[in-house]
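Here, residue 1 is the first one in the sequence, and each next residue gets the next number.
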Amino acid sequence: MALTIGVPRETLAGEKRVATVPEVVEKLIKLGFKVAVESGAGDAANCSDDSYRAVGADVIVGAPALWAASDIVFKVGVPTTEDVGHLREGGTLIGFIWPAQNPELMQQLAAKKATVLAIDSLPRMLSRAQKMDALTSQAGVAGYRAVIEAANAFGRFFNGQITAAGKVPPAKVFIAGAGVAGLAAIGTAASLGAIVRANDTRAEVADQVVSLGGEFVKVDYEEEGSGGGGYAKVMSEGFQQAQREMYAKQAREVDIIITTALIPGKPAPRLITAEMVQSMKPGSVIVDMAAERGGNCELTEPGQAVVKHGVTIVGYTDLTSRLAKQSSTLYASNLFRLTEELCKTKDGIIDVNMYDEAIRGLTVIKEGNITWPPPAPKLVAAPPAAKAAAAAPAQKKSGGHGKASEPASATSTAVTFGVAALVFWFVGANAPTAFLAHFTVFVLACFVGYMVVWNVTPALHTPLMSVTNAISSIIAIGALVQVGPEGWIRWLAVAGIALTAVNMFGGFAVTQRMLAMFRK
């Protein structure tokens with residue numbers, strides 16, 4: 001029998017997101033599931049009860065009734081004790097759990113014999129897991145919103161302008177941390193016309209910063225900062241001292257600072273001190289995206305926007321909820337992709353396959369048994385046998401003595417060209433003068449055709465359509481010249497014209513279609 005997916009109303013103060021949206025409900029029903037939504041669950045995200053009913057979902061009034069009717073519960077916020085009490089015995093819960101930070105919650109869920117998939121525990125290094133990565137999708141929304149909040153609190157334009165009233169300089173924005181949220185902030189600020197600078201402990205993100213229109217500011221200290229799972233690691237004291245000096249310099253120069261630095265399971269590192277805030281220009285803005293974990297700024301007040309030393313410090317902890325519709329849609333898509341992996345048979349029944357590395361990483365409790373933390377991911381190395389097998393085809397192309405094929409020697413090349421020259425001399429000595437002229441053109445045409453078509457990578461054939469059209473035009477003119485009274489030459493010329501016309505018009509059609517792809 002098909003299982004029912006339940007979507008309760010979020011109870012956390014300020015949480016406006018909903019775990020699924022009507023567009024995704026349709027897809028879940030096509031997988032064979034029934035979907036039930038608590039009345040009012042999507043109101044704050046502009047998803048009315050009627051919109052859920054229109055796509056086939058049942059709307060249930062009251063959280064106890066919704067949880068009781070659900071075999072699987074989709075949730076956004078971390079479940080409360082009341083939520084756990086509503087959860088059906090042996091039910092399945094999917095959402096943000098943060099098992100390392102909530103050991104008591106883990107014990108409560110285990111006591112209910114539940115199966116719990118923590119979307120925050122997804123092994124993000126797996127490429128196939130990217131479609132399920134809710135942390136990334138939500139961080140992107142938060143980074144975008146952080147720039148919007150900064151623009152709202154900032155008293156000037158972001159982009160530079162020259163007006164009749166005078167010249168307006170562009171705003172200078174410094175972004176601390178170039179993870180997903182930081183990169184989203186860089187792209188947004190740059191698109192608004194600001195001068196954007198960014199820093200990260202991971203040197204490999206410098207190219208990404210530049211590609212989005214920012215300038216990467218390097219700390220004058222050599223140390224690798226990459227940690228596991230795409231996060232940064234805790235740096236040495238020497239690096240942190242050099243980093244503080246760089247931040248102090250940027251604080252004096254820029255108008256806006258956006259901080260994004262977080263390390264899983266640890267308080268947010270303090271990057272901006274009270275002295276740095278005091279050194280900033282009056283009217284400057286700091287948006288602290290790490291406010292929920294204590295903040296990267298020493299003066300941040302979580303959940304509040306305050307003004308200290310003439311600087312507005314924004315410490316909102318609900319940036320994703322301030323774009324509730326967008327963040328809910330992305331989160332719903334992540335959960336749908338996870339559901340596809342759990343229900344490959346499309347019969348409304350899930351299979352929590354603990355041999356699947358992505359599912360194993362997500363599953364923190366399986367039927368009441370705590371399975372977190374998961375085992376370390378396997379590192380796949382190419383076995384020596386694979387290398388030997390790859391070398392085998394080359395050995396088979398040998399000249400019969402077990403050796404790999406080698407380029408032709410200078411002697412064989414000279415003999416080949418000598419024979420070709422001899423044949424060409426024989427034809428020239430015995431054939432009519434007109435034939436020799438045509439034969440020369442034919443040989444040159446074959447050579448040009450080979451270099452233009454056969455000697456080009458197949459992936460480049462379509463972009464070369466315009467070049468081959470020019471060659472086809474020459475062929476068409478030659479064929480027209482040969483249309484005469486003689487029977488078989490005339491029909492060969494007609495066939496050549498027809499084939500060349502197909503190539504020419506087809507080439508131009510394909511070229512136009514390609515160009516249309518790049519037009520707005």
Measure the acute angle between the ring planes of Phe96 and Trp98, then classify it against the limits of 30° and 60° as parallel, tilted or perpendicular.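 Rings of Phe96 and Trp98: parallel, as their planes differ by under 30°.
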Testing Val24, Val18, Val21 one by one against Thr329 for a side chain to side chain contact (heavy atoms under 4.5 Å, CB included), which residue passes?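 Result: among Val24, Val18, Val21, Val21 is the only option passing the side chain to side chain contact (heavy atoms under 4.5 Å, CB included) with Thr329.
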Just how far is it from atom CG of Asn334 to atom OG1 of Thr20, taken to the nearest 0.5 Å? 11.0 Å
So Ile370 and Gln107, side chain to side chain contact (heavy atoms under 4.5 Å, CB included) or not? Walk me through it. CA-CA 8 Å; Ile370 296 178; Gln107 294 297 332; 3.5 Å; yes
For Phe174, enumerate each residue passing the ring pair (Phe, Tyr, Trp, His ring centres under 6.0 Å) test, keeping only those at least two apart in sequence or located in another chain.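 So Phe174 forms a ring pair (Phe, Tyr, Trp, His ring centres under 6.0 Å) with Tyr247.
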Please table the atom pairs, donor to acceptor, closer than 3.5 Å between any side-chain atom in residues 309-317 and protein atoms at least two apart or in another chain.
none

State whether [X] and [Y] are salt-bridged, where the test is any N-O pair (Lys NZ or Arg NE/NH1/NH2 against Asp/Glu carboxylate O) under 4.0 Å.
{"X": "Arg337", "Y": "Glu341", "result": "no"}
{"X": "Asp356", "Y": "Arg128", "result": "yes"}
{"X": "Glu340", "Y": "Lys131", "result": "no"}
{"X": "Arg244", "Y": "Glu237", "result": "yes"}

Does a donor on one side chain and an acceptor on the other come within less than 3.5 Å for [X] and [Y]?
{"X": "Asp288", "Y": "Thr259", "value": "yes"}
{"X": "Gln130", "Y": "Arg124", "value": "no"}
{"X": "Ser321", "Y": "Asp318", "value": "no"}

Closest heavy-atom pair and its distance - [X], [Y]:
{"X": "Ala251", "Y": "Ser279", "value": "CB-OG, 4.1 Å"}
{"X": "Ala171", "Y": "Phe154", "value": "CB-CE2, 3.7 Å"}
{"X": "Leu192", "Y": "Phe158", "value": "O-CB, 3.6 Å"}

For [X], does the [atom1] atom have more than 12 heavy-atom neighbours from other residues, nucleotides or ligands under 6.0 Å away?
{"X": "Phe239", "atom1": "CZ", "answer": "yes"}
{"X": "Lys75", "atom1": "NZ", "answer": "yes"}
{"X": "Lys249", "atom1": "NZ", "answer": "no"}
{"X": "Lys281", "atom1": "NZ", "answer": "yes"}
{"X": "Gln241", "atom1": "CD", "answer": "yes"}

Using side chain to side chain donor-acceptor pair (under 3.5 Å) as the criterion, point out the one residue from Gln278, Glu301, Glu298 that pairs with Lys308. Glu301
Under 3.5 Å: donor-acceptor pair, side chain of [X], backbone of [Y]:
{"X": "Asn296", "Y": "Ala261", "answer": "yes"}
{"X": "Arg17", "Y": "Gln326", "answer": "no"}
{"X": "Ser70", "Y": "Val73", "answer": "no"}
{"X": "Glu10", "Y": "Leu12", "answer": "no"}
{"X": "Glu38", "Y": "Arg9", "answer": "yes"}
{"X": "Asn102", "Y": "Leu105", "answer": "no"}
{"X": "Thr371", "Y": "Thr363", "answer": "yes"}

Where do Thr92 and Val116 land on the side chain to side chain contact (heavy atoms under 4.5 Å, CB included) test, with the steps shown first? CA-CA 6 Å; Thr92 300; Val116 181; over 6 Å; no
Run the numbers on Arg293 and Lys266 for side chain to side chain contact (heavy atoms under 4.5 Å, CB included), then give the verdict. CA-CA 8 Å; Arg293 302 287 182 87; Lys266 297 181 181 293; over 6 Å; no
Quick one: are Ile94 and Leu342 in side-chain contact, heavy atoms under 4.5 Å?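 Ile94 vs Leu342: side chains touch.
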Less than 4.5 Å apart, any side-chain heavy atom of Asp120 and any of Ile97?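 Asp120 reaches Ile97 side chain to side chain.
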Is there any side chain to side chain donor-acceptor pair (under 3.5 Å) pair reaching into residues 179-197, and which pairs are they, with sequence neighbours excluded? Arg197-Gln250, Arg197-Glu253
Evaluation steps, side chain to side chain contact (heavy atoms under 4.5 Å, CB included), between Leu109 and Val84: CA-CA 7 Å; Leu109 291 168; Val84 176; 3.8 Å; yes
